[in-house]
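Just so it is clear, the model here is predicted, and its values are computed rather than measured.
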Amino acid sequence: MRGNFKKGGVAAVMALILVAAAVPTFASGDDPLVSLSYLNQRLQALEAKIDGTPGSSGSSALEVVDLKSGDRLIAAQGTELIPRSGKVSVIAGELGGLSDITSGDDLKAYKKVSLNHLLIAPRSDGRGLRADTNAIVMVRGSYHVEK
């Protein structure tokens, strides 16, 4: 019996040593344990980044922008614009104007824009829309309004 106890005892001690040596690596700085509250905070931050914020930052939702006559809406690259009311015309950059996705046209400077057409700014070089009258434009992406 003593021989079996010695063999079993030695095996148990060796197992404890291996477990004790492995435990610090589970909770080290390289591989920390993660709490549920930490995961929830990270997920909320990610959701906020995906949803975007309203205003001149890049929002992923369509935002309604009211323009007064003479206002200039300057769009960043990839920003989508949909004129909903009023009269607006194109502000072009050095390399061209806006892409009218609805009609398949490249809109040049000062071109009047049809209502309810989807426009995209292909570059961030000062392109956008000028409100010839009070106007409403739906915008998805980054932009700023100059008075």
Side-chain angles (χ1 to χ4, degrees), residues 8-147:
V10 171
V13 169
M14 290 186 66
L16 286 173
I17 291 172
L18 289 174
V19 169
V23 168
T25 62
F26 291 131
S28 72
D30 296 332
D31 187 21
L33 295 175
V34 179
S35 69
L36 180 59
S37 62
Y38 173 80
L39 286 176
N40 286 336
Q41 289 173 349
R42 299 297 292 169
L43 287 173
Q44 287 173 349
L46 182 59
E47 287 173 357
K49 190 177 256 189
I50 290 171
D51 291 342
T53 56
S56 59
S57 66
S59 175
S60 64
L62 282 167
E63 180 182 349
V64 177
V65 179
D66 291 308
L67 299 173
K68 302 291 182 209
S69 181
D71 285 355
R72 297 164 41 100
L73 189 155
I74 306 300
Q77 178 177 333
T79 297
E80 300 173 44
L81 311 162
I82 303 172
R84 294 288 292 147
S85 71
K87 293 183 180 179
V88 294
S89 54
V90 173
I91 300 169
E94 291 181 17
L95 299 173
L98 299 174
S99 298
D100 186 335
I101 303 306
T102 304
S103 66
D105 293 328
D106 181 30
L107 304 179
K108 307 294 184 199
Y110 310 108
K111 171 81 173 158
K112 302 293 181 206
V113 178
S114 298
L115 295 180
N116 299 310
H117 277 224
L118 173 60
L119 313 173
I120 296 180
R123 294 178 184 256
S124 296
D125 61 356
R127 301 172 198 221
L129 296 173
R130 181 183 184 279
D132 301 325
T133 65
N134 289 348
I136 296 174
V137 179
M138 295 174 66
V139 181
R140 181 186 344 252
S142 297
Y143 70 96
H144 68 274
V145 176
E146 298 174 351
K147 302 288 180 183

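If you take NE2 on His144 and CZ on Arg72, they are separated by 8.0 Å, rounding to the nearest 0.5 Å.
Here the side chains of Ile74 and Glu146 are in contact, with some heavy-atom distance below 4.5 Å. Considering only heavy atoms from C-beta on, Tyr110 stays 4.5 Å or farther from Arg130 through its side chain. With contacts defined as side-chain heavy-atom distances shorter than 4.5 Å, the pair Pro83/Met138 does not qualify. Leu67 has its side chain within reach of Leu73: a pair of non-hydrogen atoms, C-beta onward, lies under 4.5 Å apart. Under the 4.5 Å side-chain criterion, counting only non-hydrogen atoms from C-beta, Arg127 is in contact with Asp125. The shortest side-chain heavy-atom distance between Leu81 and Ile120 does not fall under the 4.5 Å cut-off.
Identified under the salt bridge (Lys or Arg N to Asp or Glu O under 4.0 Å) test for residues 98-107, with sequence neighbours left out: Asp106-Lys108.
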Evaluation steps, side chain to side chain contact (heavy atoms under 4.5 Å, CB included), between Leu119 and Val113: CA-CA 9 Å; Leu119 313 173; Val113 178; 3.5 Å; yes
Counting only pairs under 3.5 Å, give me each side-chain donor-acceptor contact of residues 85-99, with atom names and distances, residues two or more places apart or in other chains.
residue, atom, partner, partner atom, Å
Ser85, OG, Ile136, N, 3.4
Ser89, OG, Asp132, OD1, 3.3
Ser89, OG, Asp132, OD2, 3.3

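Residues passing the side chain to side chain donor-acceptor pair (under 3.5 Å) test with Gln77: none are found, sequence neighbours excluded.
Checking side-chain atoms of Thr79 against main-chain N and O of Ser142 turns up a donor-acceptor pair under 3.5 Å.
Across Asn134 and Lys68, no two heavy atoms sit closer than the pair OD1-CA, 3.3 Å. Residue His117 comes nearest to Thr102 through the heavy atom pair CA-OG1, 3.4 Å, listed as atom of the first residue, atom of the second, then distance.
With Arg84 as reference, Asn116 is the one residue of Val65, Val137, Leu115, Asn116 to meet the side chain to side chain contact (heavy atoms under 4.5 Å, CB included) rule.
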